[in-house]
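Atoms within each ligand, like the ligands themselves, are counted from 1 in listed order. Small disclaimer: the values here were computed from a predicted structure and weren't measured.
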Amino acid sequence: MTKRVFSGIQPSGELHLGTLLGALDNWRRMQDEYDCYYCVVDLHAMTVPYDPVEFRRIRLETAKVILAAGIDPDRVLFYYQSQVPQHPELAWILGTITGLGQLQRMTQFKEKADKAGQNLGLLAYPVLMAADILVHKAHVVPVGDDQTQHLELTRDLAERFNGRFGEEFPIPERITPKIGARVMSLQDPLSKMSKSDPDPRSRILLTDDPDVIRKKVKVAVTDSERYVEYDRTRKPGISNLLEIMSFFSGRSIDDLVDQFHDSGYGVFKEAVAEAIIEGLAPLRTRYKELSDADVAHILQKGALDARQRAEETMVSVRRAVGLDSH
Ligand code: ATP
Ligand code: LTN
């Protein structure tokens with residue numbers, strides 16, 4: 001049997017290098033080998049305050065960038081989470097077997113609640129994420145490092161459900177890339193590159209113009225030493241740039257350190273910027289070619305197919321928990 005893959009990205013801001021290295025690149029590579037379900041998880045993005053007009057724009061924009069990154073709708077199911085009501089239905093059922101303490105201990109809940117205030121949706125966020133994955137009985141989930149805790153909960157819930165109601169779900173595995181599982185902010189290399197960072201210089205957007213990329217890399221925070229060396233603790237800024245360059249150039253970090261060790265940070269940064277620009281060129285071209293109407297059409301078709309597949313799981317889940325119609 002071909003293994004199934006599920007992953008999601010929130011439409012909560014413009015996509016950046018972190019999303020590409022941490023998740024999207026694996027999404028693209030897995031589509032040849034696996035049965036893939038990829039989702040713009042709009043219900044998740046509603047758990048912090050938002051503006052509905054901007055939300056609508058960013059949701060379409062997110063879908064467009066994902067397609068431009070090489071996700072092929074002929075090979076994968078690609079859709080908006082809110083258009084497949086089986087996701088929240090399963091989330092409700094899983095919610096009834098989730099301990100409150102477990103949710104309150106989630107790092108992301110604590111961080112977001114501190115910033116944006118608590119709400120039930122934010123607390124239940126990881127349960128909906130578990131439902132996303134389990135409703136398609138996914139075996140593999142490609143995500144960045146920051147999703148480890150959420151994936152653990154998903155595995156727990158799958159095991160708990162199977163234990164109580166009978167074998168239903170495979171226990172999903174997390175897949176994180178070797179390089180790029182945690183891309184750091186260009187302005188504060190001790191925190192992760194994030195959509196919600198108020199400083200736009202902290203991240204390189206996948207749709208940034210070459211000149212913007214050059215400027216952002218040029219002003220990236222490094223350290224006061226002179227040598228290009230890889231050491232994430234002592235030299236987090238330079239190490240982050242080395243990882244990014246290694247990803248785009250396909251060269252090993254050792255090889256890059258050999259070449260740039262004594263060249264000075266200025267020369268190294270110029271090379272990093274050019275590698276990013278060249279690496280993002282195909283995405284930029286595809287992005288320009290995609291119309292909003294094409295994207296909307298792809299998403300509608302994806303939702304139709306995803307609803308059918310998710311319904312197959314739900315028929316069996318409803319029966320298992322005693323909710324079938326006869
Ligand atoms: P952000 O923190 O940028 O606001 P997020 O992690 O809250 O984003 P998503 O956009 O839904 O939410 O994340 C999409 C995927 O990208 C996830 O798999 C996540 O792990 C990954 N990802 C996001 N930021 C990074 C990063 N800096 N490094 C590596 N992977 C990342
Ligand atoms: N919480 C994830 C987004 C997400 C997801 C998922 C990822 C929602 N549902 C299911 C993988 C599988 C994040 O990246 N912030």
Exercise for the section: Quick one, list the residues around ligand 2 where some non-hydrogen atom comes in under 4.0 Å, by chain and residue number. Expected result: F6, S7, G8, Q10, V41, H44, Y125, M129, D132, I133, V141, V143, Q147

Exercise for the section: Please find out if less than 6.0 Å separates the ring center of H87 from that of Y79. Expected result: yes

Practice task
Could you tell me whether F169 and F161 have their ring centroids closer than 6.0 angstrom?
Solution key: yes

Practice task
Could you grab the distance from atom CG of D223 to atom OH of Y265, nearest 0.5 Å is fine?
Solution key: 3.5 Å

Problem - Validation row, ring centre H139 to ring centre F6 under 6.0 Å - result: no

Handout entry: Selection residues 294-308 - residue pairs positive for salt bridge (Lys or Arg N to Asp or Glu O under 4.0 Å), sequence neighbours left out
Key = K301-D305

Fill in the blank from the handout: Residue shell for ligand 1, any heavy atom closer than 4.0 Å, reads I9, Q10, H16, G18, T19, G22, A23, V143, G144, D146, Q147, G180, A181, R182, V183, K192, M193, S194, K195, S196

Exercise for the section: Sort out for me which residue in K64, R57, R203, K195 forms a salt bridge (Lys or Arg N to Asp or Glu O under 4.0 Å) with E14. Expected result: R57

Completion exercise
When rounded to the nearest 0.5 Å, the distance separating OH of Y50 from CG of D42 is 9.5 Å

Handout entry: Pairs where residues 93-121 contributes a residue and the test salt bridge (Lys or Arg N to Asp or Glu O under 4.0 Å) is met, not counting sequence neighbours
Key = none

Exercise for the section: May I ask you to decide whether R318 forms a salt bridge with D324, counting only side-chain N to carboxylate O separations under 4.0 Å? Expected result: no

